[in-house]
*Asks:* 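Let me begin by handing over the structure; questions about it come next.
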Amino acid sequence: MTFVITHGCCNDSSCVPVCPVQCIRPRPGDPEFTTTEQLYIDPATCIDCGACMEECPVDAIHPEWELPEHLSDYLEINEAYFEGSPVEESRPPDPSRRRLPVGRSKLAVAVVGSGPAGCYAAAELSAGRMKWIDTSWP
Ligand code: SF4
């Protein structure tokens, strides 16, 4: 059994750091993170703890056994994302991608888009709560 991320995913990645087995991809810092349509859970690694579902701000994560019929394709969609690229072989995020370029003391950020992810990013930036970007990943 596994949990499944569905089309409502807003890519804000709040589910990523709470996963005890780090099976949600892509993660901030992964090359495909900025272009992915949604995040995905590796069903072969998920331990069904439910932590990601509790964290999701848009209720896009469901346990496999409670997946609504109209979202049933997402079980296969999540699984397909990891075909040929299992979690164990995934490259960890490159920490250097989260640092300011040498000689710059300020970071200018533009939030592009007005969807949920853009609104959450703008709210977090305004509140100064995006320190996780500068912290090291496990
Ligand atoms: Fe990770 Fe738990 Fe969510 Fe599975 S249910 S993806 S183990 S946080």
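Index from 1, following the sequence. Counting starts at 1 for both ligands and their atoms, in listed order.
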*Asks:* What protein heavy atom lies closest to atom 2 (Fe) of ligand 1? Include the residue and the distance to one decimal.
*Replies:*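 Of every protein heavy atom, C49 SG, 2.3 Å lies nearest to atom 2 (Fe) of ligand 1.
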*Asks:* Hey, could you give me the CZ/CG distance between F3 and D42, rounded to the nearest 0.5 Å?
*Replies:*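 It comes to 15.0 Å.
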*Asks:* Just jot down the ligand 1 atoms closer than 4.0 angstrom to any heavy atom of I41, in number order.
*Replies:*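 Near I41, meaning under 4.0 Å from one of its heavy atoms, ligand 1 has 6 (S).
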*Asks:* For ligand 1, which part of C15 has a heavy atom less than 4.0 Å away: the side chain, the backbone, both, or neither?
*Replies:*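 Neither part.
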*Asks:* Take the angle between the ring planes of H7 and Y74 and call it parallel below 30°, perpendicular above 60°, tilted in between.
*Replies:*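 Geometry flag for Y74 against H7: tilted rings.
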*Asks:* Should you measure from each heavy atom of V21, which atoms of ligand 1 turn up under 4.0 Å away?
*Replies:*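 Answer for ligand 1: 7 (S).
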*Asks:* Stepwise, does the side-chain contact (heavy atoms from CB on, under 4.5 Å) test hold for N11 with T36?
*Replies:* CA-CA 8 Å; N11 296 18; T36 189; 3.7 Å; yes
*Asks:* Which residue supplies the protein heavy atom nearest to atom 4 (Fe) of ligand 1, what is that atom called, and how far is it?
*Replies:*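 Going by distance alone, atom 4 (Fe) of ligand 1 is nearest to C46 SG, 2.3 Å.
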*Asks:* Could you grab the distance from atom CZ of R27 to atom CZ of F33, nearest 0.5 Å is fine?
*Replies:*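 Between R27 CZ and F33 CZ, I get 11.5 Å after rounding to 0.5 Å.
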*Asks:* At less than 2.8 Å, would any N/O/S atom of C52, backbone or side chain, sit next to atom 2 (Fe) of ligand 1?
*Replies:*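 Of the N, O and S atoms in C52, none lies under 2.8 Å from atom 2 (Fe) of ligand 1, which means no.
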*Asks:* Closest approach of T6 and H62, non-hydrogen atoms and distance?
*Replies:*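 Distance-wise, the nearest heavy atoms are CG2-CD2, 3.7 Å.
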*Asks:* May I ask you to list the atoms of ligand 1 that are less than 4.0 angstrom from any heavy atom of C23?
*Replies:*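 Numbered from 1, ligand 1 contributes 1 (Fe), 6 (S).
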*Asks:* Quick one: nearest non-hydrogen protein atom to atom 5 (S) of ligand 1, plus distance?
*Replies:*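 Ranking protein heavy atoms by distance from atom 5 (S) of ligand 1, first comes G50 N, 3.2 Å.
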*Asks:* Would you give the length of the straight line joining atom CG of L67 to atom CD1 of I61, rounded to the nearest 0.5 angstrom?
*Replies:*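 Interatomic distance, L67 CG to I61 CD1, rounded to 0.5 Å: 12.0 Å.
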*Asks:* How many angstroms lie between atom CD1 of I24 and atom CD1 of I41, to the nearest 0.5 angstrom?
*Replies:*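 Here the interatomic distance stands at 4.5 Å.
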*Asks:* Give the residue and atom name of whichever protein heavy atom lies nearest to atom 1 (Fe) of ligand 1, and the separation in Å to one decimal.
*Replies:*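 I find the closest protein heavy atom is C19 SG, 2.4 Å.
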*Asks:* Heavy-atom distances under 4.0 Å decide this one: backbone, side chain, both or neither, for I47 against ligand 1?
*Replies:*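 I47 to ligand 1: contacts from backbone and side chain alike.
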